[in-house]
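Heads up: the structure comes next, in structure tokens.
Numbered from 1 within each chain, the chains take letters A, B, ... in sequence-line order.
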There are 2 protein chains.
Amino acid sequence: MKLTTRGRYGLRAVLDLAVNTGNEAVSLSEIAERQGISMNYLEQLIAKLKKSGIVQGIRGAQGGYVLAMPPEEISVGDILRALEGDLIPVDCSELNSGDTPCINSDTCVTKYVWKRITDSINDAVDGIKLSDLVEKSKEIQKEAGIAEANKTKQTC
Amino acid sequence: MKLTTRGRYGLRAVLDLAVNTGNEAVSLSEIAERQGISMNYLEQLIAKLKKSGIVQGIRGAQGGYVLAMPPEEISVGDILRALEGDLIPVDCSELNSGDTPCINSDTCVTKYVWKRITDSINDAVDGIKLSDLVEKSKEIQKEAGIAEANKTKQTC
DNA sequence: ATTAAATCCGAGTATTTTAATAGGAATTAA
DNA sequence: TTAATTCCTATTAAAATACTCGGATTTAAT
């Protein structure tokens, strides 16, 4: 029941992008350095975010990435699902229409459990917008003093 | 963000035990057969449940397992945590006191996300008691007709 | 036109986790 | 005494994860 580094790194990357976007696009190398994540790996994560329409790539020199939408319109749920796939605790046809119908659907009781977990997770992450995190981030930066940079490798 | 077979099989095993307990203990081979789970594997799962004080083993011939508490006092959360470990989406010191304190705790913003997810999952599973599932199971059995047995291998 | 900075794309790989299997020791009712 | 059963530990095949690597393509700046 863990998120992978895809979700963890990826969310931090999008937040970094949102916080550090000015007039110009933000390059992957900048994000990778600030967040202490390998650029090669980050590349794969941002590809997923691009495919889901969360970020937009700008090719060529001085290129980079920008958010494809205003941060108010991007939920943490959108980001995590782009990176991790559907946030469902089990492969169950009652939760995922893509699955072949379950033979035991009639007598299955645990499906109620899986449904509750699924809904609670998705409600939670959809209730948080990227803009909320950006705001929180700016508050915290103010409190901690702008000088204090992010030098250490973070795992979550 | 998936439960493993430990959580899925294990919950089904406990439910099977709860539903099929009469005056005598229920043997693992019975549960394994009814649920279509390898007995050797189930053994490992039930060991975790025993360690967490959810079931009690009765050794020797005609032995088996019984619930260590009435099903009203066992939550699905208790069962899943016994099988999967803490239901937390990331290894973060803000969520798990066992972790070494995070260096970035001051400037970390994603921790708010992890906290919300953690709380929502645990609230959801702690709100469902084993007795709720047993009841549901009996309702469904009645509807489906008692004759219809669980012959197929179920994955969730 | 050339160069350098960047995204884009697909292949390969070491490590870890999962999902088992296997074998045997200990216990106890019949 | 036997058979049924829990209990315990070790091993292993397959899958997933978390990367690394090499190169093609695009484009702003010179």
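Taking both residues in full, the closest heavy atoms of Gly53(B) and Met69(B) are given as O-CE, 3.6 Å, listed atom of the first, atom of the second, then distance.
Straight-line distance from the OH atom of Tyr41(B) to the P atom of dC7(D): 19 Å, rounded to whole Å. Summarising the geometry, the separation between CG on Leu42(B) and C1' on dC7(D) is reported as 14 Å, rounded to the nearest angstrom. Taking atom CG of Leu45(A) as the reference point, atom C1' of dC19(D) lies 10 Å away to the nearest angstrom. The separation between Ile37(B) atom CD1 and dA20(C) atom P is 9 Å, rounded to whole Å. At whole-Å resolution of the value, CD in Glu30(B) and C1' in dT6(D) are 14 Å apart. The distance between atom NZ of Lys48(A) and atom P of dC19(D), rounded to the nearest whole Å, is 14 Å. In this structure, Arg8(A) places its CZ atom 9 Å from P of dC19(D), rounding to the nearest Å. In this structure, the CE atom of Met39(B) is 12 Å from the P atom of dA4(D), given to the nearest Å.
For the residue pair Gln141(A)/Thr107(B), the side-chain donor-acceptor check at 3.5 Å is not satisfied. Between the side chains of Glu94(B) and Ser105(B), at least one donor N or O sits under 3.5 Å from an acceptor N or O. Remark: the Thr5(A) side chain and the Tyr41(A) side chain contain an N/O donor-acceptor pair separated by less than 3.5 Å.
Here the nucleotide nearest the side chain of Ala61(A), chosen from dA19(C), dA29(D), dT27(D), is dT27(D).
Taking 4.0 angstrom as the limit, Tyr9(A) places a side-chain polar atom (N or O) nearer than this to OP1 or OP2 of dC19(D). Checking the phosphate oxygens (OP1, OP2) of dT21(C), a side-chain nitrogen or oxygen of Ser38(B) falls inside 4.0 Å. Look at Thr4(B) and you won't find any side-chain N or O under 4.0 angstrom from OP1 or OP2 of dT18(C).
Within a heavy-atom distance below 4.0 Å of DNA chain C, the residues of residues 16-28 of chain A found are Ser27(A), Leu28(A).
The environment of Glu24(A) atom CD is sparse: at most 12 non-hydrogen atoms of other residues, nucleotides or ligands sit within 6.0 angstrom. Residue Glu72(A) qualifies as enclosed at atom CD: its count of foreign heavy atoms under 6.0 Å is above 12. Within a 6.0 Å radius of NZ in Lys2(B), more than 12 heavy atoms belonging to other residues, nucleotides or ligands are found.
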Can you build the contact string for nucleotides 8-15 of chain C? Use B for base contact, S for sugar-phosphate-only contact, and - for no protein heavy atom under 4.0 Å. BB-B----
Evaluate Lys129(A) against Ile74(A) for side-chain contact (heavy atoms from CB on, under 4.5 Å), listing each step before the verdict. CA-CA 6 Å; Lys129(A) 303 298 173 190; Ile74(A) 302 172; over 6 Å; no
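Every residue meeting the salt bridge (Lys or Arg N to Asp or Glu O under 4.0 Å) condition with Asp78(B), not counting sequence neighbours, appears here in chain and number order: Arg81(B).
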